[in-house]
Amino acid sequence: DVKVTQSSRYLVKRTGEKVFLECVQDMDHENMFWYRQDPGLGLRLIYFSYDVKMKEKGDIPEGYSVSREKKERFSLILESASTNQTSMYLCASSLVVGPGEIQTFGAGSRLTVL
Amino acid sequence: GENVEQHPSTLSVQEGDSAVIKCTYSDSASNYFPWYKQELGKRPQLIIDIRSNVGEKKDQRIAVTLNKTAKHFSLHITETQPEDSAVYFCAATTKLGGTSYDKVIFGPGTSLSVIP
(Lines give C-alpha, C1' and ligand atoms only; values in the text may rest on other atoms or scores of the structure.)
Protein backbone atom coordinates (compact mmCIF):
# COMPACT_ATOMS: atom_id res chain seq x y z
CA ASP A 1 0.00 0.00 0.00
CA VAL A 2 1.38 3.35 -1.03
CA LYS A 3 1.72 5.73 1.81
CA VAL A 4 1.93 9.45 1.37
CA THR A 5 2.65 11.13 4.67
CA GLN A 6 2.26 14.80 5.37
CA SER A 7 4.12 15.83 8.47
CA SER A 8 1.60 18.30 9.88
CA ARG A 9 -2.19 17.87 9.95
CA TYR A 10 -2.88 21.28 11.43
CA LEU A 11 -0.78 24.44 11.49
CA VAL A 12 -1.48 27.95 12.66
CA LYS A 13 0.94 30.63 11.48
CA ARG A 14 1.10 34.39 11.48
CA THR A 15 1.18 36.65 8.44
CA GLY A 16 4.71 37.00 7.13
CA GLU A 17 6.02 33.77 8.65
CA LYS A 18 7.85 31.22 6.52
CA VAL A 19 6.00 27.92 6.36
CA PHE A 20 7.27 24.49 5.37
CA LEU A 21 4.90 21.68 4.49
CA GLU A 22 6.60 18.33 4.18
CA CYS A 23 5.46 15.33 2.19
CA VAL A 24 7.08 11.90 2.04
CA GLN A 25 6.07 8.89 -0.05
CA ASP A 26 7.43 5.39 0.41
CA MET A 27 6.75 3.69 -2.93
CA ASP A 28 9.53 5.07 -5.10
CA HIS A 29 7.12 7.17 -7.16
CA GLU A 30 8.69 9.52 -9.66
CA ASN A 31 5.90 12.07 -9.60
CA MET A 32 4.80 14.26 -6.72
CA PHE A 33 2.25 17.04 -6.53
CA TRP A 34 1.03 19.78 -4.24
CA TYR A 35 -2.60 20.92 -4.37
CA ARG A 36 -4.68 23.28 -2.35
CA GLN A 37 -8.30 22.45 -1.68
CA ASP A 38 -10.87 25.17 -1.13
CA PRO A 39 -14.66 24.80 -0.98
CA GLY A 40 -16.24 25.13 -4.41
CA LEU A 41 -12.87 25.27 -6.16
CA GLY A 42 -11.85 21.65 -5.97
CA LEU A 43 -8.21 20.68 -6.09
CA ARG A 44 -5.93 23.24 -7.69
CA LEU A 45 -2.38 22.30 -8.63
CA ILE A 46 0.31 24.48 -7.09
CA TYR A 47 3.52 22.73 -8.16
CA PHE A 48 4.58 19.31 -9.27
CA SER A 49 7.77 17.38 -9.80
CA TYR A 50 8.52 14.52 -12.17
CA ASP A 51 12.04 13.88 -10.95
CA VAL A 52 14.48 14.78 -8.23
CA LYS A 53 15.48 18.44 -8.34
CA MET A 54 12.91 19.05 -11.04
CA LYS A 55 9.86 21.25 -10.52
CA GLU A 56 7.14 22.68 -12.67
CA LYS A 57 4.59 25.35 -11.88
CA GLY A 58 1.00 24.31 -11.73
CA ASP A 59 -2.03 26.54 -12.03
CA ILE A 60 -1.57 28.68 -8.89
CA PRO A 61 2.16 28.86 -8.06
CA GLU A 62 2.22 32.48 -6.90
CA GLY A 63 3.36 32.83 -3.32
CA TYR A 64 4.72 29.29 -3.17
CA SER A 65 7.94 27.46 -3.92
CA VAL A 66 8.94 23.81 -3.68
CA SER A 67 11.95 21.66 -3.05
CA ARG A 68 12.65 18.09 -4.15
CA GLU A 69 16.13 17.16 -2.98
CA LYS A 70 15.29 13.48 -2.60
CA LYS A 71 12.95 11.29 -4.60
CA GLU A 72 10.71 10.50 -1.66
CA ARG A 73 10.35 14.00 -0.28
CA PHE A 74 8.56 17.01 -1.77
CA SER A 75 8.31 20.17 0.29
CA LEU A 76 6.00 23.13 -0.20
CA ILE A 77 7.30 26.48 1.02
CA LEU A 78 5.38 29.63 1.74
CA GLU A 79 8.09 32.28 1.91
CA SER A 80 5.86 34.86 3.58
CA ALA A 81 2.48 33.47 4.56
CA SER A 82 -0.61 35.55 3.90
CA THR A 83 -4.19 35.15 5.08
CA ASN A 84 -5.38 34.15 1.60
CA GLN A 85 -3.15 31.10 1.87
CA THR A 86 -5.34 29.70 4.61
CA SER A 87 -6.42 26.42 3.10
CA MET A 88 -6.17 22.64 3.07
CA TYR A 89 -2.99 21.49 1.32
CA LEU A 90 -2.84 18.03 -0.20
CA CYS A 91 0.26 16.24 -1.39
CA ALA A 92 0.01 13.38 -3.90
CA SER A 93 2.30 11.01 -5.72
CA SER A 94 1.94 8.76 -8.74
CA LEU A 95 3.91 6.11 -10.56
CA VAL A 96 2.92 7.14 -14.09
CA VAL A 97 1.53 10.32 -15.54
CA GLY A 98 -1.32 10.50 -18.00
CA PRO A 99 -3.54 7.55 -18.96
CA GLY A 100 -3.65 5.08 -16.12
CA GLU A 101 -2.29 7.52 -13.60
CA ILE A 102 -3.42 6.93 -10.06
CA GLN A 103 -2.62 9.72 -7.69
CA THR A 104 -2.30 8.68 -4.08
CA PHE A 105 -3.00 11.50 -1.69
CA GLY A 106 -1.75 12.34 1.75
CA ALA A 107 -4.13 13.11 4.59
CA GLY A 108 -3.78 16.85 4.11
CA SER A 109 -2.36 19.76 6.06
CA ARG A 110 -4.83 22.38 7.17
CA LEU A 111 -3.05 25.72 7.39
CA THR A 112 -4.51 28.76 9.08
CA VAL A 113 -2.72 32.07 8.62
CA LEU A 114 -3.69 34.74 11.13
CA GLY B 1 -6.47 27.66 -19.75
CA GLU B 2 -7.98 24.21 -19.86
CA ASN B 3 -10.64 23.47 -17.30
CA VAL B 4 -13.11 20.88 -16.08
CA GLU B 5 -16.63 21.79 -15.06
CA GLN B 6 -18.75 19.61 -12.80
CA HIS B 7 -22.46 19.57 -11.96
CA PRO B 8 -24.25 19.57 -9.67
CA SER B 9 -22.22 21.01 -6.83
CA THR B 10 -24.48 19.30 -4.28
CA LEU B 11 -26.74 16.29 -4.67
CA SER B 12 -29.09 14.60 -2.23
CA VAL B 13 -30.69 11.25 -2.99
CA GLN B 14 -32.69 8.69 -1.06
CA GLU B 15 -30.95 5.47 -0.22
CA GLY B 16 -31.45 3.02 -3.06
CA ASP B 17 -31.90 5.68 -5.72
CA SER B 18 -29.37 6.44 -8.43
CA ALA B 19 -27.02 9.42 -8.53
CA VAL B 20 -25.51 11.01 -11.62
CA ILE B 21 -22.68 13.53 -11.70
CA LYS B 22 -21.74 15.21 -14.97
CA CYS B 23 -18.49 16.80 -16.09
CA THR B 24 -17.33 18.63 -19.16
CA TYR B 25 -13.78 19.31 -20.25
CA SER B 26 -12.27 21.81 -22.61
CA ASP B 27 -9.16 20.13 -24.01
CA SER B 28 -10.09 17.91 -26.95
CA ALA B 29 -6.74 16.14 -26.53
CA SER B 30 -7.60 14.88 -23.03
CA ASN B 31 -7.40 11.11 -23.01
CA TYR B 32 -7.79 9.99 -19.42
CA PHE B 33 -10.62 10.70 -17.00
CA PRO B 34 -10.35 9.54 -13.38
CA TRP B 35 -12.91 9.96 -10.62
CA TYR B 36 -11.94 10.46 -7.00
CA LYS B 37 -14.05 10.10 -3.87
CA GLN B 38 -13.26 12.04 -0.72
CA GLU B 39 -15.09 11.08 2.44
CA LEU B 40 -15.38 13.65 5.18
CA GLY B 41 -12.01 14.28 6.78
CA LYS B 42 -10.25 11.76 4.58
CA ARG B 43 -8.00 11.90 1.54
CA PRO B 44 -9.29 11.65 -2.05
CA GLN B 45 -9.12 8.14 -3.48
CA LEU B 46 -9.51 6.91 -7.02
CA ILE B 47 -12.74 4.97 -7.52
CA ILE B 48 -12.94 4.50 -11.27
CA ASP B 49 -11.34 5.81 -14.42
CA ILE B 50 -11.89 5.69 -18.16
CA ARG B 51 -9.66 6.18 -21.17
CA SER B 52 -10.63 7.98 -24.34
CA ASN B 53 -10.80 4.82 -26.42
CA VAL B 54 -13.62 3.47 -24.25
CA GLY B 55 -17.21 4.74 -24.09
CA GLU B 56 -18.30 3.13 -20.85
CA LYS B 57 -16.82 1.31 -17.89
CA LYS B 58 -18.56 -0.34 -14.99
CA ASP B 59 -17.42 -1.57 -11.60
CA GLN B 60 -20.21 -3.02 -9.46
CA ARG B 61 -22.53 -0.15 -8.57
CA ILE B 62 -20.54 2.59 -10.24
CA ALA B 63 -20.15 3.31 -13.94
CA VAL B 64 -18.61 6.03 -16.01
CA THR B 65 -19.58 7.07 -19.51
CA LEU B 66 -17.59 9.21 -21.92
CA ASN B 67 -18.75 11.18 -24.95
CA LYS B 68 -15.62 12.47 -26.64
CA THR B 69 -17.49 14.35 -29.32
CA ALA B 70 -19.40 16.38 -26.79
CA LYS B 71 -16.44 16.44 -24.37
CA HIS B 72 -18.40 15.28 -21.42
CA PHE B 73 -18.29 12.33 -19.06
CA SER B 74 -20.52 11.18 -16.23
CA LEU B 75 -20.42 9.10 -13.07
CA HIS B 76 -23.40 6.92 -12.32
CA ILE B 77 -23.96 5.33 -8.91
CA THR B 78 -26.84 2.86 -8.64
CA GLU B 79 -28.53 1.56 -5.48
CA THR B 80 -26.91 4.29 -3.41
CA GLN B 81 -25.98 3.58 0.19
CA PRO B 82 -25.19 5.96 3.08
CA GLU B 83 -21.49 5.13 2.74
CA ASP B 84 -21.58 6.63 -0.75
CA SER B 85 -21.95 10.05 0.90
CA ALA B 86 -18.81 11.98 0.02
CA VAL B 87 -17.38 14.63 -2.28
CA TYR B 88 -16.71 13.31 -5.76
CA PHE B 89 -14.17 14.90 -8.07
CA CYS B 90 -13.95 14.29 -11.78
CA ALA B 91 -10.70 15.00 -13.58
CA ALA B 92 -9.15 15.04 -17.02
CA THR B 93 -5.59 14.98 -18.24
CA THR B 94 -4.22 17.81 -20.30
CA LYS B 95 -0.80 18.91 -21.48
CA LEU B 96 1.05 21.39 -19.35
CA GLY B 97 1.46 24.43 -21.60
CA GLY B 98 4.65 24.43 -23.62
CA THR B 99 5.76 21.02 -22.39
CA SER B 100 5.19 17.37 -23.13
CA TYR B 101 4.07 16.71 -19.56
CA ASP B 102 0.57 15.59 -18.75
CA LYS B 103 -1.18 17.02 -15.76
CA VAL B 104 -4.51 16.25 -14.18
CA ILE B 105 -7.13 18.97 -13.84
CA PHE B 106 -9.82 18.38 -11.25
CA GLY B 107 -13.40 19.56 -11.32
CA PRO B 108 -14.72 21.58 -8.37
CA GLY B 109 -16.40 18.57 -6.77
CA THR B 110 -19.90 17.33 -6.04
CA SER B 111 -21.03 16.79 -2.48
CA LEU B 112 -23.30 13.73 -2.49
CA SER B 113 -25.57 13.01 0.45
CA VAL B 114 -27.41 9.71 0.61
CA ILE B 115 -30.38 9.93 2.95
CA PRO B 116 -31.21 6.69 4.78
Side-chain angles (χ1 to χ4, degrees), chain A residues 1-6 8-10 23-25 27 29-51 54-62 66 87-110, chain B residues 1-10 21 23 25-27 29-54 57 66 68 86-111:
Chain A
D1 227 22
V2 178
K3 277 179 77 173
V4 178
T5 304
Q6 295 182 230
S8 303
R9 286 300 304 271
Y10 301 95
C23 176
V24 177
Q25 50 93 5
M27 281 300 288
H29 281 180
E30 299 287 341
N31 315 302
M32 296 190 75
F33 311 85
W34 274 107
Y35 295 90
R36 66 176 280 176
Q37 182 174 17
D38 301 288
L41 297 177
L43 301 166
R44 292 182 292 166
L45 182 64
I46 305 171
Y47 267 96
F48 62 97
S49 169
Y50 289 154
D51 201 354
M54 172 272 179
K55 58 187 178 184
E56 284 282 347
K57 293 180 180 179
D59 298 312
I60 52 165
E62 296 78 20
V66 291
S87 187
M88 171 68 85
Y89 290 88
L90 287 168
C91 175
S93 72
S94 70
L95 185 61
V96 299
V97 177
E101 175 177 8
I102 299 173
Q103 293 198 13
T104 301
F105 286 85
S109 298
R110 184 167 292 283
Chain B
E2 306 298 348
N3 72 311
V4 174
E5 296 183 355
Q6 184 172 349
H7 300 279
S9 56
T10 59
I21 301 170
C23 291
Y25 60 98
S26 58
D27 184 0
S30 293
N31 57 7
Y32 176 62
F33 308 89
W35 286 85
Y36 285 80
K37 175 185 179 182
Q38 186 177 27
E39 296 177 38
L40 188 64
K42 297 191 177 180
R43 66 196 74 193
Q45 292 192 299
L46 182 78
I47 55 170
I48 195 168
D49 56 12
I50 191 167
R51 301 190 189 207
S52 60
N53 58 349
V54 174
K57 183 177 179 180
L66 171 65
K68 282 217 75 180
V87 177
Y88 292 81
F89 294 99
C90 62
T93 54
T94 189
K95 290 293 182 193
L96 182 65
T99 77
S100 61
Y101 295 119
D102 278 322
K103 69 172 182 177
V104 174
I105 298 180
F106 288 86
T110 295
S111 178

Checklist entry - Quick one: are B/Gln38 and A/Gln37 in side-chain contact, heavy atoms under 4.5 Å? => result yes

Next on the checklist: Using heavy-atom distances under 4.5 Å, tell me whether A/Leu43 contacts chain B through its side chain, its backbone, both, or neither.
Outcome noted: both

Item to check | Enclosure of A/Arg44 CZ (heavy-atom neighbours >12, cutoff 6.0 Å) | outcome: yes

Next on the checklist: Looking at every heavy atom in both A/Gly40 and B/Pro108, which two are closest together, and how far apart are they?
Outcome noted: O-CB, 3.4 Å

Next on the checklist: If I measure from the heavy atoms of chain A, does B/Tyr36 come under 4.5 Å with its side chain, its backbone, both, or neither?
Outcome noted: side chain

Checklist entry - Heavy-atom distance under 4.5 Å to chain A: side chain of B/Gln6, backbone, both or neither? => result neither

Item to check | Contacting region of A/Phe33 [heavy-atom separation from chain B under 4.5 Å] | outcome: neither

Checklist entry - Where is the tightest heavy-atom contact between B/Arg43 and A/Val4, given as atom of each residue plus distance? => result NH1-O, 3.5 Å

Checklist outcome for this item: Scanning both residues in full, the closest heavy-atom pair of B/Gly41 with A/Arg9 reads O-NH2, 4.1 Å

